[in-house]
Amino acid sequence: MPYGRSIRILTYNVHSCIGTDRKIDPARIAAVIAGAQADIVALQEIDVRRHRTGGVDQARMIASLLKMEAHFNPALTIADEQYGDALITDLPTRAIKAGPLPSLGEPRGALSVEVMVGNRQLHLVNTHLGLRGRDRMQQMTALLGPTWLPGSGKDLVSTILCGDFNAVPVSAAYRLATRTLKDVQLFGNQPARPTFPSRYPLMRLDHIFVSADLAVLGTTVPRNRLTSLASDHLPLIAEIGLGK
């Protein structure tokens, strides 16, 4: 199939914009994203009005620096402070769903939006799964169900599921995802690369999964001085072909 149009997706656990040098710097995160020239940005571990990071709405600040719009879902709310996941883009969007995922440990959630690329509608889900294997399996099962995804199996079209899954490729949660969706790093133009920890990456915890109708035109995990400092994870970028 010819792919006349493509978009660039970036997923990034930003560690509350606290770098490996312990500096709190949302502008540094925005600079990483700007350098990637991403069309759609999925961020995890975003602080909104949290005292520990200066009371800033990090989702709104990063979106403003990029001249984009932010959608935010708090996985955790304590009084006026929030912590969770964001989707940032300048493409037309419609929020579909935001809410919690099953968890016995730290609260986890997901954020789902429809993004319009010309006359093509993409269904995008951003999440951050738990640290416990049992939690991750329950969370991934929920995400792959009809509550979060439009259709299932072969009927699943134009869908992107991305985030920090805290799951390496041998894990049960990862294997469950790849029964339905493609891991972009296995279909791109580069060998699969680890994303954590940013200074000495050893593990592939961050993933972008896409439905079978979407083509993976390329992937990259930028590793340089800026990305090694900005967060404890590296960003993962995928160029996705949409067809005509």
Side-chain angles (χ1 to χ4, degrees), residues 9-36 38-115 124-131 135 139 142-143 148 162-166 195-198 205-206 226-227 229-236:
I9 311 290
L10 179 148
T11 186
Y12 196 9
N13 181 326
V14 300
H15 195 233
S16 302
C17 299
I18 302 170
T20 54
D21 57 1
R22 306 308 300 164
K23 292 181 181 177
I24 303 167
D25 194 349
R28 189 162 55 180
I29 294 294
V32 171
I33 298 167
D39 302 295
I40 303 171
V41 178
L43 303 180
Q44 305 85 42
E45 294 195 14
I46 284 282
D47 277 11
V48 172
R49 299 184 301 275
R50 299 205 73 178
H51 295 306
R52 69 179 183 182
T53 47
V56 169
D57 184 333
Q58 293 183 343
R60 183 172 294 182
M61 176 180 285
I62 293 168
S64 176
L65 290 169
L66 297 169
K67 296 181 170 55
M68 293 181 171
E69 296 294 325
H71 300 268
F72 174 73
N73 176 58
L76 176 67
T77 300
I78 304 173
D80 292 333
E81 299 186 39
Q82 295 181 320
Y83 168 83
D85 311 308
L87 280 166
I88 298 175
T89 184
D90 59 359
L91 294 168
T93 60
R94 182 172 71 87
I96 302 172
K97 182 179 176 64
L101 294 172
S103 179
L104 294 175
E106 181 180 334
R108 302 290 178 171
L111 173 62
S112 168
V113 300
E114 286 179 357
V115 179
L124 194 103
V125 182
N126 177 30
T127 193
H128 184 192
L129 300 191
L131 296 174
D135 277 0
Q139 291 157 4
L143 286 168
W148 287 98
C162 61
D164 175 1
F165 293 85
N166 276 311
T195 55
F196 179 83
S198 60
L205 301 181
D206 306 274
L226 180 59
T227 59
L229 283 174
S231 173
D232 62 345
H233 285 243
L234 296 173
L236 168 63

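For this chain, numbers begin at 1 and follow the sequence in order.
Side chain of Q139 to main chain of R108: no donor-acceptor pair is present (N/O by atom type, distance under 3.5 Å, no hydrogens or angles). Within the 3.5 Å criterion, the main-chain N or O of N13 finds a donor-acceptor partner in the side chain of S231. The closest donor-acceptor contact from the side chain of N166 to the backbone of L131 lies at 3.5 Å or more, if one exists at all. The main-chain N or O of G84 is never found under 3.5 Å from a side-chain atom of N73 such that the two would form a donor-acceptor pair. Side-chain atoms of T77 never come within 3.5 Å of backbone atoms of Q82 as a donor-acceptor pair (strictly under, hydrogens ignored).
Residues I96 and V113 fail the side-chain proximity criterion, which asks for heavy atoms closer than 4.5 Å. The side-chain heavy atoms of D57 and F72, taken from C-beta on, include no pair separated by under 4.5 Å. Counting heavy atoms from C-beta on, the side chains of P197 and D232 never come closer than 4.5 Å. Side-chain contact between L129 and L101 is present, with heavy atoms from C-beta onward closer than 4.5 Å. Looking at heavy atoms from C-beta onward, I33 lies out of side-chain contact with P235 at the 4.5 angstrom threshold.
Considering every non-hydrogen atom in both G109 and T127, the closest pair reads O-OG1, 2.9 Å. For the residue pair I46 and A86, the shortest heavy atom distance occurs at CG1-CB, 4.3 Å. Taking every heavy atom of both residues into account, C162 and A42 meet most closely at SG-CB, 3.5 Å. Scanning all heavy atoms of the two residues, the minimum distance from T195 to L205 falls at OG1-N, 3.5 Å. The minimum heavy-atom distance linking Y83 with S16 is given by the pair CE1-OG, 3.8 Å. Taking all atoms of both residues into account, the shortest heavy-atom contact from Y12 to I29 is OH-CD1, 3.7 Å.
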- [ ] Test T93 against L87 for side chain to side chain contact (heavy atoms under 4.5 Å, CB included), laying out the working first.
- [x] CA-CA 10 Å; T93 60; L87 280 166; over 6 Å; no
- [ ] Go through T20 and L229 one step at a time and tell me if the side chain to side chain contact (heavy atoms under 4.5 Å, CB included) criterion holds.
- [x] CA-CA 5 Å; T20 54; L229 283 174; 3.8 Å; yes
- [ ] Go through D90 and K67 one step at a time and tell me if the side chain to side chain contact (heavy atoms under 4.5 Å, CB included) criterion holds.
- [x] CA-CA 7 Å; D90 59 359; K67 296 181 170 55; over 6 Å; no
Open item on the list: One pair to check against side chain to side chain contact (heavy atoms under 4.5 Å, CB included): I62 and M68. What are the steps and the verdict?
Closed with: CA-CA 8 Å; I62 293 168; M68 293 181 171; over 6 Å; no
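Atom CD of Q44 and atom CG of D206 lie 6.5 Å apart (nearest 0.5 Å). Rounded to the nearest 0.5 angstrom, T89 OG1 and L124 CG are separated by 9.0 Å. Here the CD1-CG distance, from I9 to L236, works out to 10.5 Å after rounding to the nearest 0.5 Å. To the nearest 0.5 Å, the span separating CG on L234 from OG on S198 amounts to 5.5 Å. Here CD1 of I40 is found 11.0 Å from CG of N126. Values are rounded to the nearest 0.5 Å. Once rounded to the nearest 0.5 Å, the distance linking CG of D39 with CG of L91 reads 5.5 Å.
In this structure R52 satisfies the salt bridge (charged side-chain N to carboxylate O under 4.0 Å, His left out) test together with D47, sequence neighbours excluded. For L226, the side-chain contact (heavy atoms from CB on, under 4.5 Å) criterion is met by R28, A31, V32, N224, not counting sequence neighbours.
Evaluation of the salt bridge (Lys or Arg N to Asp or Glu O under 4.0 Å) test over residues 91-102, restricted to residues two or more places apart or in two chains, returns R94-E114.
Annotation: R60, atom CZ; neighbour count of heavy atoms from other residues, nucleotides and ligands within 6.0 Å does not exceed 12. Within a 6.0 Å sphere centred on CD of E69, other residues, nucleotides and ligands contribute 12 heavy atoms or fewer. Residue-environment remark: CG (D21) exceeds the threshold of 12 foreign heavy atoms within 6.0 Å.
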